[in-house]
**Q** 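What follows is a structure written as structure tokens; I'll ask about it next.
Lettering follows sequence order; numbering is per chain, from 1. Keep in mind that what you see is a predicted model, and the values were worked out from it rather than measured.
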Amino acid sequence: MLSRQFVREHPEEVRRALETKGVEVDVDRILEVDEAWRELKAEGDDLRYRRNEVSSRIGELKREGDEEAAEDAIERSQKLKEELEAVEGRADELEGELVERLLELPNVPHPEAPVGDDESDNVEVDRWGFDDRRGLPEEVVPHYDLGEDLEILDFDRGAKVAGGGFYVAKGEGARLEHALVQFMLDTHREAHGYTDVFPPIPVDSASMRGTGQLPKFVEDAYRLGGANDEPYDDEDLWLLPTAEVPVTNLYRDEILLDEDLPIKHQAYTPNFRREAGEHGTETRGIVRVHQFNKVELVNFVRPEDSSDRLEGLLGEATAVLERLGLPYRVLEMCTGDMGFSQARKYDIEVWAPADDAPDGPATGGRWLEVSSVSNFEAFQARRAAIQYRPEQHESAAYLHTLNGSGVAIPRVVVAIMEYYQHDDGTVEVPGPLRPYMGGLDRIEGGEPVGESAVGDG
RNA sequence: GCCAGGAUGGCCGAACGGUAAGGCGCACGCCUGGAAAGCGUGUUCCCUUUCGGGAUUCUGGGUUCGAAUCCCAGUCCUGGCGCCA
């Protein structure tokens, strides 16, 4: 959310900035409502002042025993009360509309973010690991085929127990997921100074609004105990779409001390996404699924530190891929592609060599987004009321929040299965993961179970 | 799930229908050779160029001219009972 004051004082800047994000916003209406609200508020304050005076006069008269004068005053007070209710009623309505409109207003992009319309205007700022990359099999088998061959990924049974878009990781596949989670958590804790958080998986509507998922993106979330198009209130629960939601909201409605900052939290959680409107895209494999594991990095910083921290966060996320030896690139998102609540955002895309995509690298294969690293500045902090007090006796100020995936697990599994694949269809375990898999250095797969496997060659 | 008790500023804590004491902390000032102590002022949010005004006793309703105080509902905390991986 942008501050009323900022919109009030810089309407042109807001209009221009939001245009670069490709959204149309009725800034005039907001200014109009704000103006009208302030007038009513002044009027109401004045009426209240008069009523307070009369009220305290009643107290005095009663104490003095002048019942007659007190009755007169009570009558005046009743009249004022009626006027007051009318004025404040209208003021409340206007304020409600104002808040509603402000909540739907996207964040203003950072002035240095590249201006552009869509993903074709994103800027590649870094590419790593291609100069000395591994030798690959003649024909790299895509992870979805290899995963079934090795009996480490099971799509049919995932669909059976939960529906399409859910998968089951089995045997070495499940162990690989666990190993990646632990490896990432250890890396960020030990090398980057993160404190672990293991949050609740259901989150309430207030949290979803605080980080910006609601009200705009209802259709993407899994709701507990109600249909998505039914009205919801603050206490209704949703399955988290990213650990960003519970972790950022940890300090909702709180004022932190200056010396608490910066706070760096990491959280492993499963993530749940309906992927509404994505039907027909990426139906094979684990690139786009309704539930996936992710380690999320969330930072709370002083406003003046957030730009530098964004670069730091990017380095912390890419460090994971570098330790695993996985080639990747970094894109800076243009204004039109960065999303509702971001002021500045980088995407990290790992290289998966099996399927050639039109927008993949010259070496073949395709890019898979494994992390989004974003600076929200005060946008989320204002929605969620997360403040800090720069000086103990002074006003509280909104801090800045940032986050980045550190990183999404299934797409790293894809990259490992394809990039570390051998001619014989086994997958080498990257060195840093071996301690997390009991020293296992190669995934050789397991035996199928059940009648359907009999006679399967 | 049931019963009982509770929630007041950054912290502690009074007021229990008449308009939020006091203490601690913190900031600034005075005092001092310097410090401590002492004294004074300030310490949340909103509107207002200023002056000033309004709001705020967990949240939302209600009663009342007036609610921290009374009533209803909810949230959270504490204790007891029940249930439970």
**Q** With respect to A:Lys170, which candidate in A:Glu447, A:Glu148, A:Glu151 satisfies the salt bridge (charged side-chain N to carboxylate O under 4.0 Å, His left out) definition?
**A** A:Glu151
**Q** Write down the distance separating the P atoms in B:U57 and B:A68, rounded off to the nearest Å.
**A**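 6 Å, rounded to whole Å.
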**Q** Is there a donor N/O on one and an acceptor N/O on the other, under 3.5 Å, for the side chain of A:Asp45 and the base of B:G53?
**A**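 Answer is yes: a donor-acceptor pair is held.
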**Q** Rounded to the Å, how far apart are A:Leu256 CG and B:G10 P?
**A**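 Rounding to the nearest Å, CG of A:Leu256 and P of B:G10 are 13 Å apart.
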**Q** Output the single nucleotide from B:U48, B:C65, B:C45 whose closest atom is nearest the side chain of A:Ala396.
**A** B:C45
**Q** Do A:Glu296 and A:Tyr268 have side-chain N/O donor and acceptor atoms under 3.5 Å apart?
**A**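 Looking only at side-chain atoms, A:Tyr268 and A:Glu296 do not form any donor-acceptor pair under 3.5 Å.
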**Q** Taking A:Arg50 first and then A:Glu83, would you say they form a salt bridge - that is, a charged N and a carboxylate O separated by under 4.0 Å?
**A** no
**Q** Less than 4.0 angstrom from a charged side-chain N to a carboxylate O is my criterion; do A:Arg4 and A:Glu95 meet it?
**A**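 Counted as a salt bridge, because a side-chain N and a carboxylate O are separated by less than 4.0 Å.
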**Q** Picking from B:U19, B:G53, B:G66, which would you name as closest to the side chain of A:Tyr49?
**A**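 Nearest to the side chain of A:Tyr49 among the choices is B:G53.
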**Q** Sticking with atom C1', work out how far B:U50 lies from B:G60, rounded to a whole angstrom.
**A** 37 Å
**Q** From B:C47, B:A55, B:C45, pick the nucleotide closest to the side chain of A:Arg48?
**A** B:A55
**Q** Can you check the A:Glu53 CD to B:G52 C1' distance for me, whole Å?
**A**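 Rounded to the whole Å, the gap is 12 Å.
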**Q** Does this structure show an ion pair linking A:Arg76 with A:Asp72, if we count only N-O contacts that are shorter than 4.0 Å?
**A** no
**Q** Quick one: on RNA chain B, does A:Arg51 or A:Glu88 contact a more 5' nucleotide (nearest heavy atom)?
**A** A:Glu88
**Q** Could you tell me the separation between the CG atom of A:Asp46 and the P atom of B:G54, rounded to a whole number of Å?
**A** 9 Å
**Q** Rounding to the closest angstrom, what is the interatomic distance between B:A27 and B:C76 at atom C1'?
**A**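 The same atom, C1', in both gives a distance of 33 Å.
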**Q** Within the 4.0 Å heavy-atom criterion, would you say A:Arg76 contacts the bases, only the backbone, or no part of the nucleic acid?
**A**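 Result for A:Arg76 = nothing.
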**Q** Please tell me which of the listed nucleotides, B:G18, B:U64, B:G10, lies nearest to the side chain of A:Ile58?
**A** B:G18
**Q** Among the candidates B:G66, B:G10, B:G54, find the nucleotide nearest to the side-chain atoms of A:Lys41.
**A** B:G54
**Q** Rounding to the closest angstrom, what is the interatomic distance between B:G18 and B:U69 at atom P?
**A** 11 Å
**Q** What is the distance from CG of A:Asp92 to P of B:G60, rounded to the nearest Å?
**A**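 In whole Å, B:G60 P lies 11 Å from A:Asp92 CG.
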**Q** Nearest whole Å is fine: how far is B:G53 P from A:Leu84 CG?
**A** 17 Å
**Q** If you only use heavy atoms from C-beta on, which nucleotide in B:U44, B:C65, B:U48 is closest to the side chain of A:Arg38?
**A** B:U48
**Q** Nearest to the side chain of A:Arg63 - B:G18, B:C65, B:U44?
**A**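 Ranking B:G18, B:C65, B:U44 by closest atom to the A:Arg63 side chain puts B:G18 first.
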**Q** Quick check: on RNA chain B, is the nucleotide nearest A:Ser77 upstream (toward 5') of the one nearest A:Asp34, or the reverse? Name the residue that is more 5'.
**A**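 Between the two, 5'-proximity favours A:Asp34.
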**Q** Ignoring the backbone of A:Ser55, work out which of B:A55, B:U44, B:C65 is nearest its side chain.
**A**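 Closest nucleotide to the A:Ser55 side chain: B:C65.
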**Q** State whether the side chain of A:Asp46 and the backbone N or O of A:Ala42 hold a donor-acceptor pair below 3.5 Å, judged by distance alone.
**A** no
**Q** With both distances under 3.5 Å as the test, what is the Watson-Crick or G-U wobble partner of B:A36?
**A** none
**Q** Counting just side-chain N and O atoms, does A:Lys79 come under 4.0 Å of either OP1 or OP2 of B:C65?
**A** no
**Q** Run through A:Glu244, A:Arg252, A:Gln213 and flag the one making a side-chain hydrogen bond (donor to acceptor under 3.5 Å, both in side chains) with A:Ser207.
**A**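 Going through the options one by one, the only one that passes is A:Arg252.
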**Q** Contact class for A:Arg50 (heavy atom, under 4.0 Å): base, sugar-phosphate, or nothing?
**A** nothing
**Q** Say you pick atom P in B:C45 and the same atom in B:G38; how far apart are they, in whole Å?
**A** 29 Å
**Q** Using the P atom in both, what is the distance from B:C16 to B:C71, to the nearest Å?
**A** 16 Å
**Q** Quick one: A:Phe6 CZ to B:C46 P, roughly how many Å, whole number?
**A** 17 Å
**Q** In whole angstrom, what separates A:Asp253's CG from B:U44's P?
**A** 19 Å
**Q** Answer yes or no: does a side-chain N or O of A:Asn52 lie under 4.0 Å from OP1 or OP2 of B:G66?
**A** no
**Q** Whole angstroms only, please: what is the CD-P distance between A:Glu39 and B:G54?
**A**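 Taking CD of A:Glu39 and P of B:G54, I get 20 Å after rounding.
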**Q** On a whole-Å scale, what distance lies between the C1' atoms belonging to B:U78 and B:G10?
**A**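 That atom pair is separated by 23 Å.
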